[in-house]
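Counting begins at 1 with the first residue of the sequence.
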Amino acid sequence: MNYGGGRGPAATVRCRQCSSSITAMPGARAVQCMQCSCVTRVPGCGRPRPGMQLVPHMRPTPAFGGGRSKKRAVLIGIKYTGRRSSELRGPVNDVKCMRYLLTERFGFPNDCVLILTDEERNPCRLPTKDNIRMAMHWLVQGCSYGDSLVFQFSGMGAQVPDDDGDELDGMDEALCPMDSFHQGPILDDEINEAIVRPLVHGVTLHAIVDACHSATVLDLPYQCVVSKSTGCLRWRDERPLTGAWKGTSGGKAVLISGSSNGKRMSTNALPQPYATIGAMTHSFIRSLECEPRTTYGRLLSSMRNIMRQGGNCNLQGPVGSSIRMVTNFSGVEEPQLSSAHKFNIDCEPFCM
């Protein structure tokens, strides 16, 4: 991934899909098209020099807030309000339901769950690119043995051609903040360095990402797949051929995301009173409500069954009980699980 180079003047590039002219802000390595939502890499930013950090120093300001306990979470839901071609219905409810699950079922303190949505009035809680970077830093800063961390993102994902050979499929994945049409998306190498590599021994991170093109958005080395010969779950080695290190500093990182073809379901035609939730997020929360003491293998199987069955929302809590519809706004076809380390997926208990 390309994060080298300094901040220069704004650049103009052509969208690689629709050929529209896009203005890339100074320092942006990729930019998202307002017409078709495709992400295009900004040329001429140079490869990172040896020792150069990919992640900008985005330390939280005092106004950013957030408590500090052994259980911390960052929950991000973006509707992209005002963008007719890309406005989503569901991501904000994803966040509200996830917060209820974490605080009521898993004992996360309320002040240690940071929520960033485009409905927030506090400027520090809007899911801009800079605020998301600060939130990721806050989540892992000073992490130590026994910490349980959660990162959730519900919104738009994207792909951009890889430029450093660390992607087996030749494409980098990215998450799109609310200002990605101006500031560009957050690319997977940056996310990996921000919240995966700092994890020390005894720290556990669970990332739940409900977005298109999100299957490998943390760049974790191992992906759980179904063996064609046995029908059982097994680990597939996704380590880059370049030898680039994508693991932790001894901690545990697990990503629950989804494979998709990038085609999002339009929710603009739904009646306004219908509150919706993302299909993958719904399947994750519903699975844990039905079986709190589960294993990773049973969780993944349960999520896949719930997504295949479809139907209306039937979650618990004040928010979940008011949601009537499940919508696959991200186009996720099937939940996926990847990890920084291999483990016995059928026996390992799931716990946050």
Side-chain angles (χ1 to χ4, degrees), residues 1 54-55 70-74 102 106 136-137 139-153 162 164-169 172-173 175 187-209 214-228 230-259 280 284 287-288 293-304 334-352:
M1 191 84 56
L54 300 181
V55 183
K70 300 301 284 183
K71 293 193 173 190
R72 303 187 296 278
V74 169
L102 294 178
F106 290 98
M136 291 192 295
H137 181 86
L139 182 64
V140 302
Q141 184 180 25
C143 63
S144 60
Y145 187 92
D147 283 359
S148 177
L149 313 177
V150 173
F151 177 83
Q152 180 202 9
F153 181 92
D162 176 38
D164 61 5
D166 69 348
E167 299 286 346
L168 297 181
D169 62 355
D172 283 315
E173 285 69 42
L175 299 180
L187 304 174
D188 52 6
D189 281 359
E190 178 178 349
I191 299 170
N192 179 275
E193 183 167 312
I195 62 174
V196 174
R197 296 189 209 180
L199 303 176
V200 298
H201 177 67
V203 177
T204 299
L205 169 73
H206 288 98
I208 301 96
V209 179
S214 63
T216 61
V217 77
L218 259 63
D219 263 359
L220 297 178
Y222 302 100
Q223 186 170 13
C224 180
V225 297
V226 177
S227 170
K228 293 182 179 180
T230 65
C232 299
L233 296 173
R234 66 174 181 85
W235 292 107
R236 182 172 64 197
D237 194 334
E238 295 281 329
R239 288 176 292 181
L241 299 177
T242 60
W245 175 249
K246 297 293 184 177
T248 68
S249 297
K252 177 179 179 180
V254 174
L255 168 66
I256 297 173
S257 57
S259 61
M280 204 207 75
F284 174 78
S287 296
L288 291 175
R293 296 182 178 181
T294 187
T295 65
Y296 285 90
R298 290 206 303 271
L299 172 63
L300 191 59
S301 297
S302 176
M303 288 179 64
R304 289 173 173 173
E334 193 170 64
Q336 301 285 336
L337 187 147
S338 55
S339 173
H341 300 92
K342 292 188 285 187
F343 58 88
N344 190 329
I345 194 168
D346 292 315
C347 298
E348 182 82 11
F350 177 88
C351 184
M352 289 193 296

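Within the model, atoms CG of Leu337 and CH2 of Trp235 stand 5.0 Å from one another, a figure rounded to the nearest 0.5 Å. Note that the CZ atom of Arg304 and the CE atom of Met280 stand 11.5 Å from one another [nearest 0.5 Å]. Distance check, rounded to the nearest 0.5 Å: OG of Ser287 to CD1 of Ile256 gives 9.0 Å. Here the straight-line distance linking atom CD of Glu190 with atom CG of Asp172 works out to 12.0 Å at 0.5 Å rounding. Atoms CD and OG1, from Glu173 and Thr216 in turn, are 3.5 Å apart once rounded to the nearest 0.5 Å.
Pairing each heavy atom of Cys143 with each of Leu199, the nearest pair is SG-CA, 4.2 Å. Here the shortest heavy-atom pairing between Ala194 and Val140 reads O-CG2, 3.4 Å. When all heavy atoms of Cys224 and Ile345 are compared, the closest pair comes out as SG-CD1, 3.2 Å. When all heavy atoms of Gly247 and Arg197 are compared, the pair lying nearest together is O-CG, 3.4 Å. For the residue pair Thr248 and Ala253, the shortest heavy atom distance occurs at CG2-CB, 4.0 Å.
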Residues Ser148, Arg72; criterion side-chain contact (heavy atoms from CB on, under 4.5 Å); working and verdict: CA-CA 7 Å; Ser148 177; Arg72 303 187 296 278; over 6 Å; no

Candidate pair Ile191 and Leu175, rule side-chain contact (heavy atoms from CB on, under 4.5 Å), full reasoning: CA-CA 9 Å; Ile191 299 170; Leu175 299 180; 3.8 Å; yes

Test log, rule side-chain contact (heavy atoms from CB on, under 4.5 Å), inputs Thr204 and Leu149: CA-CA 6 Å; Thr204 299; Leu149 313 177; over 6 Å; no

Step-by-step side-chain contact (heavy atoms from CB on, under 4.5 Å) determination, Ser338 to Tyr222: CA-CA 6 Å; Ser338 55; Tyr222 302 100; over 6 Å; no

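Between Tyr296 and Cys347, the closest side-chain pair of non-hydrogen atoms is not below 4.5 Å. Put simply, the side chain of Pro335 reaches to within 4.5 Å of the side chain of Leu300, judged on heavy atoms. Within the 4.5 Å cutoff, no side-chain heavy atoms of Asp189 are placed close to those of Asn192. Two residues are said to be in side-chain contact when any heavy atoms from C-beta on lie closer than 4.5 Å; Asp346 and Leu233 meet this criterion. In this structure, the side chains of Leu205 and Ile195 come closer than 4.5 Å at one or more pairs of heavy atoms. At a threshold of 4.5 Å between non-hydrogen side-chain atoms, the residues Leu299 and Phe284 count as touching. A 4.5 Å side-chain heavy-atom check between Val209 and Leu255 finds at least one atom pair inside the cut-off. Contact of the Leu288 side chain with the Phe106 side chain is registered, since non-hydrogen atoms from C-beta on lie closer than 4.5 Å.
No side-chain donor-acceptor contact under 3.5 Å links Lys252 and Ser339. Judged by distance alone, the side chains of Gln336 and Ser257 never bring a donor and an acceptor atom under 3.5 Å apart.
Aromatic pair His206/Phe350: ring centres closer than 6.0 Å.
A tilted orientation is assigned to the rings of His201 and Tyr145, their planes being inclined by 30° to 60°.
In this structure, the side chain to side chain contact (heavy atoms under 4.5 Å, CB included) partners of Arg236, at least two apart in sequence or on a different chain, are Gln223, Val225, Arg234, Glu238. With sequence neighbours left out, the side chain to side chain contact (heavy atoms under 4.5 Å, CB included) criterion links Thr295 to Arg298.
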